[in-house]
Amino acid sequence: MDSKYFTIFNEIVSKIENGKLESGVKLPSENELMKIYEVSRDTIRKALNLLERNGYIQKIKGKGSFVLDIHKFDFSVSGLTSFKELAERMDAKSNTILEELSIIEPDDYLRKQLDLSKHEDVWKVIRVREIEDMKIILDKDFLNRKVVPYLTREICENSIYEYLENDLGLKISFAKKEITVQQATEEDRKHLDLEGHTMIVVVKNYTYLEDASLFQYTESRHRPDKFRFVDFARRKH
């Protein structure tokens, strides 16, 4: 069994984790790594593939392999948290850029997601989230206008949940979540700092009030290398 590639993997991981190889640094070429470690191209490729699969490097065609930022933000899968609350918990510099706030007549897809009748309107809110000066989340919110009759730019740039709970007195109770990995769209590339990433982690939220009425459908689109999706599970006995 060829374990040389695993030794090379561990050595490069150690350099990344102790800061000797910083985020954004380009690794030596395959030819250079072959000379450094005195191994075959196949062994180097196995080590690089393992580094990429474990989130330490990003291979960009025609450019080489680049070290990724391994310090990821924890994003609770089971929690129901606003971006403002998330940013405060992370104690990170953050900013919300409102790209669109409008009232729309939902298409068939949105009508199905929000369980609406034909003549009900929805708020469409598109927001880009910046953390540490990087645009890494695109939030696309659709809210039933019957439940949320009024929204402003100021509310959307601060926290919609804060407004709903504190000003409207609504009780947000629970959400169903669906997490998928999708090809980045033109819209993702336009709004986010993808830096060569071609895939996006999409979290779809269906959010309900205390009376179990569905009022919000959200697509939260995350740059994949910047988040670690965490949950706590307990086995039932």
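Predicted, not measured: the structure shown is a model, and the values here were computed from it.
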Novice: Kindly give the heavy-atom pair with the smallest separation between D188 and L138, and that separation in Å.
Specialist: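 Taking D188 first and L138 second, the nearest heavy atoms are OD1-CD2, 3.6 Å.
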Novice: Start with the C-alpha distance between L151 and V125, add both sets of side-chain angles, then the distance that settles side chain to side chain contact (heavy atoms under 4.5 Å, CB included), and finish with yes or no.
Specialist: CA-CA 10 Å; L151 277 180; V125 185; 4.0 Å; yes
Novice: May I have the step-by-step check of side chain to side chain contact (heavy atoms under 4.5 Å, CB included) for V181 and V202, ending in yes or no?
Specialist: CA-CA 6 Å; V181 178; V202 180; over 6 Å; no
Novice: Are M199 and I60 grouped together when hydrophobic residues (ILVMFWY) are joined by side-chain heavy atoms under 4.5 angstrom apart?
Specialist: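 Not linked; separate clusters.
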Novice: Under a 3.5 Å distance rule, please check whether H119 uses its side chain to pair with a backbone N or O of S117 as donor and acceptor.
Specialist: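 Between the backbone of S117 and the side chain of H119 there is no qualifying donor-acceptor contact (under 3.5 Å).
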Novice: Output the distance between atom CZ (R189) and atom CD1 (I200), rounded to the nearest 0.5 Å.
Specialist: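 Output value for this atom pair is 9.5 Å.
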Novice: Scan side-chain atoms only and decide if Q58 and D225 contain a donor-acceptor pair under the 3.5 Å cut-off.
Specialist: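 Checked: Q58/D225 side chains show no N/O donor-acceptor pair below 3.5 Å.
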Novice: What do you reckon, is CD of E38 surrounded by more than 12 foreign heavy atoms closer than 6.0 Å?
Specialist: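 Open: at most 12 neighbouring heavy atoms sit under 6.0 Å from CD of E38.
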Novice: Main chain of V148, side chain of W123: is a donor-acceptor contact present, judged purely on distance under 3.5 Å?
Specialist: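 Yes, W123 side chain to V148 backbone: donor-acceptor pair under 3.5 Å.
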Novice: Counting distance only, does the side-chain N/O of E178 pair as donor-acceptor with the main-chain N or O of N205 below 3.5 Å?
Specialist: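 Side chain of E178 to backbone of N205: no pair is present.
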Novice: For the residue pair S213 and D211, confirm or rule out a side-chain donor-acceptor distance under 3.5 Å.
Specialist: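 There is such a pair between these side chains.
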Novice: Could I get the full list of side-chain contact (heavy atoms from CB on, under 4.5 Å) partners for N18, not counting sequence neighbours?
Specialist: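 Listed in chain order: S14, K20.
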Novice: Going from OG1 on T218 to OH on Y206, what distance comes out if it is rounded to the nearest 0.5 angstrom?
Specialist: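 Rounded to the nearest 0.5 Å, the OG1-OH separation comes out at 10.0 Å.
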Novice: Dump the intermediate steps for side chain to side chain contact (heavy atoms under 4.5 Å, CB included) on V39 and I44, then the final yes or no.
Specialist: CA-CA 7 Å; V39 294; I44 292 299; 3.6 Å; yes
Novice: Please state whether the rings of Y109 and Y217 are parallel, tilted or perpendicular, taking 30° and 60° as the class boundaries.
Specialist: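 Rings of Y109 and Y217: perpendicular, over 60°.
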Novice: Taking the basic N atoms (NZ, or NE/NH1/NH2) and the acidic carboxylate oxygens, is any pair closer than 4.0 Å for D139 and R129?
Specialist: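 R129 and D139: salt-bridged.
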Novice: Could you walk me through whether Q182 and R221 pass the side chain to side chain contact (heavy atoms under 4.5 Å, CB included) test, one step at a time?
Specialist: CA-CA 9 Å; Q182 299 177 10; R221 305 175 70 84; 3.7 Å; yes
Novice: Does Y150 share a hydrophobic cluster with L168, counting links as ILVMFWY side-chain heavy atoms below 4.5 Å and allowing steps through other members?
Specialist: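 The answer is yes; both residues are in one hydrophobic cluster.
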Novice: Can a salt bridge be assigned to the pair K135 and D193 using a cut-off of 4.0 Å between side-chain N and carboxylate O?
Specialist: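 Not counted as a salt bridge, because no side-chain N and carboxylate O are separated by less than 4.0 Å.
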Novice: So, are D42 and K46 salt-bridged, with charged N and O less than 4.0 Å apart?
Specialist: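 Here D42 pairs with K46 in a salt bridge, since their nearest N and O are under 4.0 Å apart.
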Novice: Can you measure from CG (L110) to CD1 (I104) and round to the nearest 0.5 angstrom?
Specialist: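 Rounded to the nearest 0.5 Å, the CG-CD1 separation comes out at 5.5 Å.
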Novice: To the nearest 0.5 Å, what is the distance between CD1 (I155) and OH (Y161)?
Specialist: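 Answer for the CD1-OH pair, I155 versus Y161, is 15.0 Å.
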Novice: Indicate the ring-plane relationship of F9 and Y56, choosing parallel, tilted or perpendicular according to the 30° and 60° boundaries.
Specialist: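 Rings of F9 and Y56: perpendicular, as their planes differ by over 60°.
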Novice: Grab the two heavy atoms, one from L116 and one from V122, that are nearest each other, plus how far apart they are.
Specialist: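 Heavy-atom minimum between the residues: CD1-CG1, 3.3 Å.
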Novice: Which heavy-atom pair separates L101 from R153 by the least distance, and what is that distance?
Specialist: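 L101 and R153 have their closest heavy atoms at CD2-N, 3.7 Å.
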Novice: Distance check, rounded to the nearest 0.5 Å: Y37 atom OH versus T7 atom OG1?
Specialist: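 Answer rounded to 0.5 Å: 10.0 Å.
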Novice: So, are E165 and K171 salt-bridged, with charged N and O less than 4.0 Å apart?
Specialist: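 Between K171 and E165 there is no salt bridge, as every charged N stays at least 4.0 Å from the carboxylate O atoms.
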Novice: Side chain to side chain donor-acceptor pair (under 3.5 Å), that's the test. Do D141 and Q216 meet it? Break it down for me.
Specialist: CA-CA 7 Å; D141 290 289; Q216 179 187 29; 2.9 Å; yes
Novice: Can you tell me how far CD1 of I136 sits from CG of L192, rounded to the nearest 0.5 angstrom?
Specialist: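 Interatomic distance, L192 CG to I136 CD1, rounded to 0.5 Å: 9.0 Å.
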Novice: Hey, mind stepping through R45 and E30 against salt bridge (Lys or Arg N to Asp or Glu O under 4.0 Å) and telling me if it holds?
Specialist: CA-CA 8 Å; R45 283 184 174 168; E30 288 184 3; 3.0 Å; yes
Novice: Hey, are E154 and T152 close enough side-chain-wise for a donor-acceptor pair under 3.5 Å?
Specialist: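 T152 vs E154: no donor-acceptor pair found between side chains.
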Novice: K190 and E186: salt bridge (Lys or Arg N to Asp or Glu O under 4.0 Å), yes or no, with the steps?
Specialist: CA-CA 6 Å; K190 176 185 173 187; E186 192 58 46; over 6 Å; no
Novice: Decide, yes or no, whether a salt bridge links R145 with E120 under the criterion of side-chain N to carboxylate O below 4.0 Å.
Specialist: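 No, R145 and E120 are not salt-bridged.
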Novice: With a 4.5 Å heavy-atom cut-off, do V128 and E99 have their side chains touching?
Specialist: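 Touching, per the 4.5 Å side-chain cut-off.
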Novice: Under a 3.5 Å threshold, yes or no: a donor from one side chain and an acceptor from the other, between E187 and T185?
Specialist: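 No, no side-chain donor-acceptor pair sits under 3.5 Å.
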Novice: Between the side chains of T96 and R127, is a donor N or O closer than 3.5 angstrom to an acceptor N or O?
Specialist: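 T96 vs R127: no donor-acceptor pair found between side chains.
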Novice: Which heavy atom of R111 sits nearest to which heavy atom of E105, and what is that distance?
Specialist: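 It is NH2-OE2, 4.5 Å.
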Novice: Of L143, L170, L114, which meets side-chain contact (heavy atoms from CB on, under 4.5 Å) against F215?
Specialist: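 Checked L143, L170, L114 against F215; only one passes side-chain contact (heavy atoms from CB on, under 4.5 Å): L143.
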Novice: Let's go through E195 and R223 carefully: what are the C-alpha distance in whole Å and the side-chain angles of both, what is the deciding distance for salt bridge (Lys or Arg N to Asp or Glu O under 4.0 Å) to 0.1 Å, and is it a yes or a no?
Specialist: CA-CA 9 Å; E195 294 182 4; R223 192 172 123 179; 3.4 Å; yes
Novice: Is there a side-chain contact between L27 and F66 in this structure, where contact means two heavy atoms from C-beta onward sitting under 4.5 Å apart?
Specialist: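 With C-beta onward as the side chain, the pair stays apart.
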Novice: Are R41 and N31 close enough that a side-chain donor and a side-chain acceptor fall under 3.5 Å?
Specialist: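 The criterion, which ignores hydrogens and geometry beyond distance, is satisfied for N31 and R41.
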